[in-house]
Amino acid sequence: MAGTTGGTPEQGHVGRRTVLKGVAVAGALAGLAGHGNASASSGGDAEHGVEHGWGKVADAFRANFEGKPGDLGAACGVYVGGRPVVNLWRGVADRGANRPWRKDTVVRVASATKGMTAICAHLLTQRGQLDLDAPVARYWPEFGAAGKERIPVRWLLSHQVGLPVVDGPLTFEQACAWDPVIRALEAQKPLWQPGTEHIYHAVTYGFLVGEVVRRITGKSLGTFFADEVARPLGLSAWIGLPEKHDHRVARVEFTAPLPLEEFIDAMIKLTGLDPDTVTAWITSLYSPGSVLARAGELGGALDNATEYYRTRAWRAAEFPAANGIADARSLARMYAATVSTVDGVRLLNPATVKKAAVVHTDKTKMHGLPPGLNLPADRSFYMSLGFMRAAPPTPMLGPGSFGHPGSGGAIGFADPDTGVGFGYVTNLWNLRPDDPRADNLIKAVRSCLG
């Protein structure tokens with residue numbers, strides 16, 4: 001079986017867990033444990049804000065720099081009951097420039113952006129401005145073309161709308177301009193009867209949900225997020241980064257490509273499914289030219305060989321499924337405000353959270369599987385309305401947890417049962433599906449909670 005794993009977050013099926021070619025990998029990164037210590041002399045290696053009783057998280061965070069892969073630069077934030085209990089950062093933000101990771105360092109969080117976007121949509125439902133059961137065309141009339149006039153909004157959020165790819169061709173400049181992508185999605189016919197199947201809408205999710213938000217509010221998704229989420233909570237988080245913050249952005253590097261056979265072995269261990277099932281699943285859905293491969297390309301606009309993801313144009317544009325930039329504290333604080341009050345701000349009330357967290361992908365079949373192959377949703381793609389739910393591939397803190405991982409390792413989530421908001425970000429993107437770094441931190445959080 002030929003092939004290696006790689007890719008950006010938009011090309012994954014289970015958030016950060018990807019299996020496609022395409023990234024110009026920076027090379028195998030060895031000996032990273034020493035980089036955290038090396039940065040200490042320049043003032044970048046720092047740990048702050050660990051409350052008494054939360055030392056196990058700090059221990060796990062330090063240990064991540066000595067593991068495989070050893071973190072290059074990273075941060076972790078934890079809130080409980082609306083209060084910060086952990087705020088950690090350490091390591092190198094840009095190895096080539098010898099720039100340490102500082103308190104204000106931010107980094108691209110990839111598909112963790114989808115959770116930021118989902119919160120915006122649920123704010124509108126909570127305010128009575130958006131009905132999830134109403135046709136998308138009520139808010140966005142042009143969307144109703146090509147037989148899409150009856151598709152409800154909830155199918156956009158649950159990846160069941162049948163528009164994971166853009167036929168294109170689109171250029172990178174057109175994608176950054178927003179409207180050309182919207183026009184293409186308006187004209188397209190779904191790949192399947194909407195509501196009967198699902199598959200990860202890696203990039204189009206952000207345009208679909210973002211355009212509904214824009215039609216209702218008159219604001220782009222990034223602007224709405226800034227006004228209604230980031231500013232009230234004092235977050236360092238953006239979908240569309242202002243240029244004045246460019247100097248804060250960590251440079252992403254990549255671990256070595258992963259042979260497809262190793263990816264499959266890791267997925268077997270993660271999911272507990274039998275080898276034949278996992279092999280059939282992975283080889284059918286992640287092969288070159290598959291729907292998931294095309295989903296990450298956005299009609300040809302996103303070509304990894306160009307390293308578009310390092311450009312100012314990419315950071316400035318709004319890709320609400322993919323190019324959010326944030327620190328760990330902000331992810332933790334944002335999710336904390338969905339399950340508790342944070343400095344007087346509560347984003348979502350319990351009734352909204354309950355509706356938002358209902359799993360939808362257990363009711364439909366995954367698109368593109370071989371005939372007769374059925375995957376349990378909680379072992380493959382356990383998606384509610386814009387949020388991943390806790391399951392073996394992405395366990396989070398407990399069965400009630402909801403949030404979203406990003407390719408490479410980032411994750412943010414909330415746990416209603418414990419009142420936890422959690423965030424982890426890194427600039428060493430690990431292309432293995434069994435990346436232990438966030439899980440190590442989450443296990444430590446669970447231990448501290450008792």
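Residue numbers count from 1 along this sequence.
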Discussion item. Donor-acceptor pair, distance only, cut-off 3.5 Å: does the side chain of Thr217 make one with the backbone of Val213?
Written reply: yes
Worksheet, complete the sentence: When rounded to the nearest 0.5 Å, the distance separating NE2 of His404 from CZ of Phe387 is 9.5 Å
Worksheet, complete the sentence: Residue set satisfying side chain to side chain donor-acceptor pair (under 3.5 Å) with Asp227, at least two apart, ordered chain then number -> Lys219, Arg231
Practice prompt. Decide if the gap between the ring center of His201 and the ring center of His159 is smaller than 6.0 angstrom.
Written response: yes
Fill in: Nearest-0.5 Å distance, CG of residue Leu285 to CG of residue Leu375
7.5 Å
Worksheet entry | Gap separating the CG atom of Asp439 from the CG atom of Asp434, nearest 0.5 angstrom | 9.5 Å
Worksheet entry | Rounded distance (nearest 0.5 Å) linking atom CD1 of Ile239 with atom CZ of Phe224 | 11.0 Å
Discussion item. Salt bridge check, Arg214 against Glu318: does any charged N sit closer than 4.0 Å to a carboxylate O?
Written reply: no
Worksheet item: For residues Ser111 and Lys114, is any side-chain donor paired with an opposing acceptor at under 3.5 Å?
Response: yes
Worksheet item: Does Thr204 reach the main-chain N or O of Leu163 with its side chain, forming a donor-acceptor pair under 3.5 Å?
Response: yes
Worksheet item: Backbone N or O of Asn64 within a donor-acceptor pair of the Arg437 side chain at under 3.5 Å?
Response: no
Worksheet entry | By ring pair (Phe, Tyr, Trp, His ring centres under 6.0 Å) - contacts of Tyr79 (at least two apart) | none
Item to complete: Write down the atom of Arg389, the atom of Pro399, and the distance for their closest heavy-atom approach.
Response: NH2-O, 2.7 Å
Response to the item:
So the ring pair (Phe, Tyr, Trp, His ring centres under 6.0 Å) pairs with at least one residue in residues 318-339 (sequence neighbours excluded) are Phe207-Phe319, Trp314-Phe319
Response to the item:
Across all chains, not counting sequence neighbours, the side-chain contact (heavy atoms from CB on, under 4.5 Å) partners of Thr418 are Leu397, Asp415, Val420, Leu449
Item to complete: Report yes or no: does Asn427 contribute a side-chain atom to a donor-acceptor pair with the main-chain N or O of Ala93 at less than 3.5 Å?
Response: yes
Worksheet item: Can you check whether Ala391's main-chain N or O pairs, donor with acceptor, with Asp378's side chain at less than 3.5 Å?
Response: no
Worksheet item: So which heavy atom on Gly81 is nearest to which on Ser340, and how close?
Response: C-OG, 3.9 Å
Item to complete: Please name all residues satisfying side-chain contact (heavy atoms from CB on, under 4.5 Å) with Asp246, sequence neighbours left out, ordered by chain then number.
Response: Leu241, Glu243, Arg312, Arg315
Worksheet item: Which class fits the ring pair Phe413 and Phe422: parallel under 30°, tilted 30 to 60°, perpendicular over 60°?
Response: parallel
Discussion item. For Lys68, I'd like to know if atom NZ has over 12 heavy atoms of other residues, nucleotides or ligands within 6.0 Å.
Written reply: no
Discussion item. Could you work out, with side chain to side chain donor-acceptor pair (under 3.5 Å) as the rule, every residue matching Arg446, not counting sequence neighbours?
Written reply: none
Practice prompt. Mark yes or no for whether Asp71, through its side chain, and Leu428, through its backbone, hold a donor-acceptor pair below 3.5 Å.
Written response: no
Discussion item. Taking the basic N atoms (NZ, or NE/NH1/NH2) and the acidic carboxylate oxygens, is any pair closer than 4.0 Å for Arg102 and Asp104?
Written reply: no
Response to the item:
Tightest non-hydrogen contact, residues Val165 and Ala295, listed as CG1-N, 3.7 Å
Worksheet item: If only atom types and distance count, is the side chain of Ser384 paired as donor or acceptor with the main-chain N or O of Val359 below 3.5 Å?
Response: no
Worksheet item: Do Thr255 and Arg432 have side-chain atoms, one donor and one acceptor, less than 3.5 Å apart?
Response: no
Worksheet entry | Pair Arg127-Glu228, salt bridge (Lys or Arg N to Asp or Glu O under 4.0 Å): steps then yes or no | CA-CA 12 Å; Arg127 296 171 183 175; Glu228 304 294 337; 3.0 Å; yes
Discussion item. Donor-acceptor pair, distance only, cut-off 3.5 Å: does the side chain of Thr306 make one with the backbone of Asp303?
Written reply: yes
Worksheet item: Who passes ring pair (Phe, Tyr, Trp, His ring centres under 6.0 Å) against His367, sequence neighbours left out?
Response: Trp192
Practice prompt. Could you grab the distance from atom CH2 of Trp155 to atom OG1 of Thr364, nearest 0.5 Å is fine?
Written response: 9.5 Å
Worksheet item: Under 3.5 Å, is there a donor-acceptor pair between the Ser287 and Ser290 side chains?
Response: no
Discussion item. Just to verify, what does Gln126 make a side-chain contact (heavy atoms from CB on, under 4.5 Å) with, not counting sequence neighbours?
Written reply: Leu123, Leu348, Asn349, Thr352
Worksheet entry | Which atom of Leu130 lies closest to which atom of Ala121, heavy atoms considered | CD2-O, 3.7 Å
Practice prompt. Ignoring hydrogens and angles, tell me if any N or O in the side chain of Ser158 forms a donor-acceptor pair with the backbone of Leu385 under 3.5 Å.
Written response: no
Discussion item. Can you list everything that forms a side-chain contact (heavy atoms from CB on, under 4.5 Å) with Ala177? Sequence neighbours excluded, please.
Written reply: Pro180
Worksheet entry | Residue list, side chain to side chain donor-acceptor pair (under 3.5 Å) with Ser330, at least two apart or on another chain | Asp327
Worksheet, complete the sentence: In short, Pro395 meets Ala390 closest at the heavy-atom pair O-CB, 3.2 Å
Worksheet, complete the sentence: Thr113 and Pro320 have their tightest heavy-atom pair at CG2-O, 3.5 Å
Response to the item:
Taken in chain and number order and not counting sequence neighbours, the residues that satisfy ring pair (Phe, Tyr, Trp, His ring centres under 6.0 Å) with Phe225 are none
Discussion item. Quick one: does any side-chain atom of Thr171 pair with a main-chain N or O of Gln174 as donor and acceptor, under 3.5 Å?
Written reply: yes
Worksheet item: Does Trp178 have any side chain to side chain donor-acceptor pair (under 3.5 Å) partners at least two apart in sequence or in another chain, and if so, which?
Response: Glu211
Worksheet item: How far does CG of Leu235 sit from CZ of Arg329, to the nearest 0.5 angstrom?
Response: 6.5 Å
Worksheet item: Under a 4.5 Å cut-off applied to non-hydrogen side-chain atoms, are Trp101 and Arg90 in contact?
Response: no
